[in-house]
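Below, chain A is the first sequence line, B the second, and so on; all start at residue 1. Heavy atoms only: backbone and side chains are in, while hydrogens, waters and symmetry mates are out.
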Amino acid sequence: RLRKWQERIRTKDAGERNLQFALSEIDRMASALGVPRSVREVASVIYRRALKEDLIRGRSIEGVATSALYAACRKEGIPRSLEEISEVSRVERKEIGRTYRYISQELGLEMKPVDPKKYVPRFCSELELSEEVQTKANEIIETTAEEGLLSGKSPTGYAAAAIYAASLLCNEKKTQREVADVAQVTEVTIRNRYQEQIEAMGIHS
Amino acid sequence: MSDPKETINIENVVASTGIGQELDLQSVAMDLEGADYDPEQFPGLVYRTQEPKSAALIFRSGKIVCTGAKSTDDVHQSLRIVFDKLRDLEINVNEDPEIVVQNIVTSADLGHNLNLNAIAIGLGLENIEYEPEQFPGLVYRLDDPEVVALLFGSGKLVITGGKKPEDAEHAVDKIVSRLEDLGLLE
DNA sequence: AGATTACTTTTCAAAGC
DNA sequence: GCTTTAAAAAGTAATCT
């Protein structure tokens with residue numbers, strides 16, 4: 001009986017330590033990403049729900065914590081790409097994506113696809129582009145997405161191409177390499193999306 | 001106008017069977033030309049047939065998995081070749097061991113571009129998985145028939161998980177009517 | 001700037017770790 | 001869970017010319 005009691009304490013302590021570790025990791029990654037406190041709170045709620053639903057069994061605590069943060073950023077409307085998330089996590093991109101899809105499905109998070117426009121302000125400010133470019137990029141995204149051009153495309157690449165196109169149209173040109181670097185996509189992807197977008201917008205330049 | 005069912009094409013059939021006999025894969029690998037056997041990496045021996053094209057995984061237990069065939073007919077033809085090859089190695093194989101189709105992969109074309117964002121909302125976020133950052137296809141799991149469909153922006157789709165060719169036809173019918181009801185086709 | 005190759009997703013069986 | 005085998009869809013990416 002004493003053994004059982006000790007075991008319970010041990011399990012409880014271990015569980016408590018694991019939870020604290022997960023929450024501190026979420027805090028550390030959130031700080032590194034520079035996201036507001038509200039995102040960390042949403043992430044910790046998601047993590048606790050995953051814990052309660054026993055979704056961590058067979059998965060790493062880090063992986064679930066990182067995925068919870070990725071989901072929280074999207075839920076709060078300030079998405080970070082898996083690439084950006086993986087840079088502050090010790091879990092690799094593929095594993096974060098896989099774990100995220102699992103907890104999202106199991107917890108019924110009903111995540112809407114990321115709107116490329118959500119990346120425009122952050123990418124543009126990193127490139128020191130004006131408000132005018134941002135407005136133009138949003139317009140390109142809005143118009144071309146309505147025509148169905150967004151289907152199946154990565155939101156970061158889509159946003160990057162629109163920003164590149166807008167920078168040209170507003171005479172604040174950034175090179176494909178500069179935009180590719182902040183969006184963390186390749187120049188090839190920007191070129192491909194850019195061609196489709198300007199064609200759909202009926203722009204010739 | 002044209003029925004998307006007409007565009008269905010079987011791309012891959014996976015089936016399992018077995019000769020009720022244990023095999024010494026090491027010696028089979030020696031005698032069977034073109035056989036790939038690396039037990040450190042995978043316990044099965046790989047044998048590829050040319051016509052029809054397929055890959056057979058042969059196990060120590062005598063169980064065999066055939067993949068890559070383009071029809072259930074090709075599966076039977078391919079396995080007939082494998083059985084004959086084993087008989088050439090003086091291994092007794094019954095005339096027609098039972099062959100069970102485990103999975104059929106099909107492709108089809110709805111003939112219209114699809115707005116996957118609208119479809120994701122329309123079909124219900126709880127029923128689908130659409131993560132374009134990770135994969136361009138929208139994953140839609142059907143209960144009847146029990147298959148998984150991958151929908152793409154081009155209107156092309158992949159149906160997998162079915163055991164019979166009809167499963168894909170029923171799935172395409174259901175998907176088309178669901179999308180039509182939602183007004184998301186065309 | 002192409003072209004090529006390769007990897008992402010789904011499905012399924014097999015035997016073994 | 002993983003390992004291997006096959007196949008399609010379309011997007012992204014790395015590498016070479």
Side-chain angles (χ1 to χ4, degrees), chain A residues 57-60 81-83 93-95 97-98 101-102 150-158 160 176 180 183-193 195-196, chain B residues 7-18 22-23 25 36-49 52-71 74-75 78 99-110 113-114 116 129-142 146-163 167-168:
Chain A
R57 192 168 294 176
R59 254 160 281 271
S60 73
S81 67
L82 286 172
E83 196 58 52
R93 202 201 110 117
K94 185 176 169 182
E95 162 81 333
R98 199 180 282 177
R101 280 179 288 150
Y102 177 72
L150 178 58
S151 287
K153 271 84 166 205
S154 157
T156 44
Y158 207 86
Q176 292 180 359
Q184 295 186 291
V185 295
T186 63
E187 294 165 271
V188 178
T189 295
I190 292 187
R191 275 196 292 276
N192 291 336
R193 297 303 135 252
Q195 288 298 338
E196 293 173 353
Chain B
T7 70
I8 292 177
N9 191 22
I10 294 178
E11 306 288 354
N12 184 25
V13 179
V14 179
S16 60
T17 186
E22 290 248 337
L23 294 171
L25 295 183
D36 290 338
Y37 181 49
D38 184 0
E40 305 280 297
Q41 195 174 67
F42 189 68
L45 179 154
V46 183
Y47 181 72
R48 288 158 220 274
T49 62
K53 204 176 106 184
S54 77
L57 305 177
I58 305 172
F59 298 88
R60 180 194 45 77
S61 63
K63 293 193 175 179
I64 300 172
V65 172
C66 179
T67 66
K70 292 287 185 191
S71 68
D74 283 358
V75 167
S78 293
I99 295 171
V100 181
V101 173
Q102 303 287 354
N103 179 29
I104 296 180
V105 181
T106 300
S107 65
D109 191 349
L110 297 178
N113 286 337
L114 302 175
L116 298 181
E129 189 178 303
Y130 176 47
E131 293 292 334
E133 188 184 349
Q134 300 185 58
F135 186 70
L138 183 153
V139 183
Y140 185 35
R141 285 160 205 281
L142 298 261
E146 206 175 308
V147 299
V148 174
L150 305 178
L151 311 184
F152 296 87
S154 63
K156 302 265 185 69
L157 59 144
V158 170
I159 309 271
T160 186
K163 305 261 187 221
D167 289 342

Stems of at least 3 consecutive Watson-Crick or G-U wobble pairs (donor-acceptor distances under 3.5 Å) involving DNA chain D, listed by first number, are C:1-8 with D:10-17, C:13-17 with D:1-5
Heavy atoms, side chains only, cut-off 4.5 Å: are B/Asp36 and B/Arg48 in contact?
-> yes
Presence of A/Arg101 side-chain N/O under 4.0 Å of C/dT9 phosphate oxygens OP1/OP2 = yes
Distance, C1' atom - from D/dA7 to C/dA3, rounded to whole angstrom | 23 Å
So do the side chains of B/Asp167 and B/Ile104 get within less than 4.5 Å of each other, counting heavy atoms only?
-> no
Do the side-chain N or O atoms of B/Lys70 get closer than 4.0 angstrom to the phosphate oxygens (OP1, OP2) of D/dA6?
-> no
So, is A/Ser154 close to the D/dG11 phosphate, meaning a side-chain N or O under 4.0 Å from OP1 or OP2?
-> no
Report yes if at least one side-chain N or O of B/Thr160 is closer than 4.0 Å to OP1 or OP2 of D/dA7; otherwise report no.
-> no
Taking atom P in both C/dT9 and D/dG1, what distance in whole Å separates the two?
-> 13 Å
Should A/Arg193 be listed as having a side-chain N or O under 4.0 Å from OP1 or OP2 of D/dT12?
-> yes
When all nucleic acid strands are considered with a 4.0 Å heavy-atom cut-off, which category describes A/Arg93: base, sugar-phosphate, or nothing?
-> nothing
Exercise: identify the closest heavy-atom pair between A/Arg193 and A/Gly157 = CG-O, 3.9 Å
